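To find a chain, count down the sequence lines: A is the first, B the second, and so on, and within it residues start at 1. Note that this is a predicted model, so its numbers are computed, not measured.
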There are 2 protein chains.
Amino acid sequence: MTENDKLTEEKIFESATEVFIEKGMDGARMQDIADHAGINKALLHYYYRTKDRLFNAVFEKIAGQMFKKFAPIFDENLSLEEKLRFFFREHITFMQKNPKLPLFILNEFHRNPGRIRKVVQKIDINKLWTVLEAQHKEELKNYNITRETIPQFMTTVAGMSVFPFAARPVIASIMEKMGYDFDQYIEERKEYAPDFIINALKKQV
Amino acid sequence: MTENDKLTEEKIFESATEVFIEKGMDGARMQDIADHAGINKALLHYYYRTKDRLFNAVFEKIAGQMFKKFAPIFDENLSLEEKLRFFFREHITFMQKNPKLPLFILNEFHRNPGRIRKVVQKIDINKLWTVLEAQHKEELKNYNITRETIPQFMTTVAGMSVFPFAARPVIASIMEKMGYDFDQYIEERKEYAPDFIINALKKQV
DNA sequence: TTTAAATTTGACCATCTGGTTAATCTATTT
DNA sequence: AAATAGATTAACCAGATGGTCAAATTTAAA
């Protein structure tokens, strides 16, 4: 029973996750989710009272997973360069397995900005940066990163990783026409991105 | 009369544009658009037969505008560096005025990949690159751009410009907590981005 | 085996939504 | 001023959609 409980509820949750990611909150239909899980629509409301609650459950889990992927950077005992390489390798690999996640998250954050606070509140980014700064005090002297340009740097890193997936349909379509392969392009980006950034940040002596 | 015709049809088109960008195709309601334009809902169907047709009209115009912003790069008589600076200045300025466009476009392309071909087909990107290559044959020798890394380079440029707007809610929320101002960050990005890229591409002699 | 609780379902409902239609209003033409 | 064509509206419709409910079925406890 408890066994079966979890199976049904999990099946619902997983189906909801797939359908919501594919169609978004507005585009998803409760019937689709029920069909996808092979159950009656009323069961959705039995486990999760409303569409909103179901969506919230799905979204919070996904957003959590996504941000967890950033965490290891702060405790791994690596040099800054190695951390950058580590991040791009891990993060892009994760998105290769979940290519539709980025756009889904950006989109639902945009449509309901209230959600962001819940996720962002949990993180003390100032502290995170202070830790990072302390860990690499000497190293940082060789790079063009100042208090003023942290946002520029951070969003550049995030963008180089996320943007190819958020814009995948457009990029893939253009590349196909030019004779490039999108998957290979992604694979190469794991190295290209950190190389690019490290090169950009190095102070010209 | 013809005068009034245009006024009504334009009013509808503009209202539709706003509502579609704000809520997306799925989230937008014909009634919202009618209300926004201050007219009866039936009038929408009088001028544009269906929601799909109305959306298509809006989307094609927007996508067209967006891509036109990339065009000047290919005929302006500037150095590569200057073209990069020109692009970021113009493109980011354009998005400052239409901050919700990028996510809207990415989203609708994702939801209906068929649309992309219509837009992409019109552009012969191979030829565009050949032109660009010929224009800057000498200059390119100093940069780390090869046939193989063109996609990496192009998407990096696009991403550095577009990503901050696509992820604006998240970025702005985090920055607010860190004491940075999003608008100022965007303003500074017009220079930071080309600087960053040029630095990254310069061959270490 | 009986009983009670939890799970699953089919049928149903109120509301919303895109779309239609017949009638009214407006303006131009004759 | 009458007629005609186009613009605008109120009322309406069929189908979809989120959600409910009582009945049926399964599972666990007694």
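B:Ile39 has its CD1 atom 12 Å from the P atom of D:dA10, to the nearest Å. Nucleotide C:dT8 holds its P atom 16 Å from the CG atom of A:Asp35, rounded to whole Å. Here C:dG19 presents its C1' atom at 14 Å from CD1 of B:Ile33, a figure rounded to the nearest Å. At whole-Å resolution of the value, CZ in B:Phe55 and P in C:dG18 are 13 Å apart. Across the protein-nucleic acid pair, B:His45 atom NE2 and C:dG19 atom P stand 4 Å apart, rounded to whole Å. Counting to the nearest Å, the P atom of C:dT8 and the NZ atom of A:Lys11 are 8 Å from each other. In this structure, A:Asn40 places its CG atom 15 Å from P of D:dT26, rounding to the nearest Å. Rounding to whole angstrom units, CD of residue A:Glu9 and P of C:dT8 are separated by 10 Å.
No salt bridge links A:Glu108 with A:Arg115; every basic N to acidic carboxylate O contact stays at or beyond 4.0 Å. Checked for salt-bridge contact, A:Asp195 and A:Arg85 meet the test: a charged N lies under 4.0 Å from a carboxylate O. Taking a cutoff of 4.0 Å between a charged side-chain nitrogen and a carboxylate oxygen, A:Glu18 and A:Lys100 do not qualify as a salt bridge. Between B:Asp35 and B:Lys41, no side-chain nitrogen of the basic residue sits less than 4.0 Å from a carboxylate oxygen of the acidic one, so the salt-bridge criterion is not met.
A close approach under 4.0 Å does occur between a side-chain nitrogen or oxygen of B:Thr8 and OP1 or OP2 of D:dT8. Neither OP1 nor OP2 of D:dC21 sits under 4.0 Å from any side-chain N or O of A:Tyr46.
With hydrogens and angles ignored, the 3.5 Å screen pairs a side-chain donor or acceptor of B:Thr149 with a backbone N or O of B:Thr146.
Taking for each of A:Asp26 and A:Ala42 the nucleotide of DNA chain D with the nearest heavy atom, the 5'-most of the two is the partner of A:Asp26.
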Could I get a table of every N or O pair under 3.5 Å where one atom is in the protein and the other is in nucleotides 12-17 of chain D?
| unit_1 | atom_1 | unit_2 | atom_2 | d |
| --- | --- | --- | --- | --- |
| D:dT17 | OP1 | A:Arg29 | NE | 3.2 |

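When side chains are defined from C-beta on, B:Phe196 does not count as touching A:Gln152, because their heavy atoms never get closer than 4.5 Å.
Around CD of B:Glu176, the count of heavy atoms belonging to other residues, nucleotides or ligands within 6.0 Å does not exceed 12.
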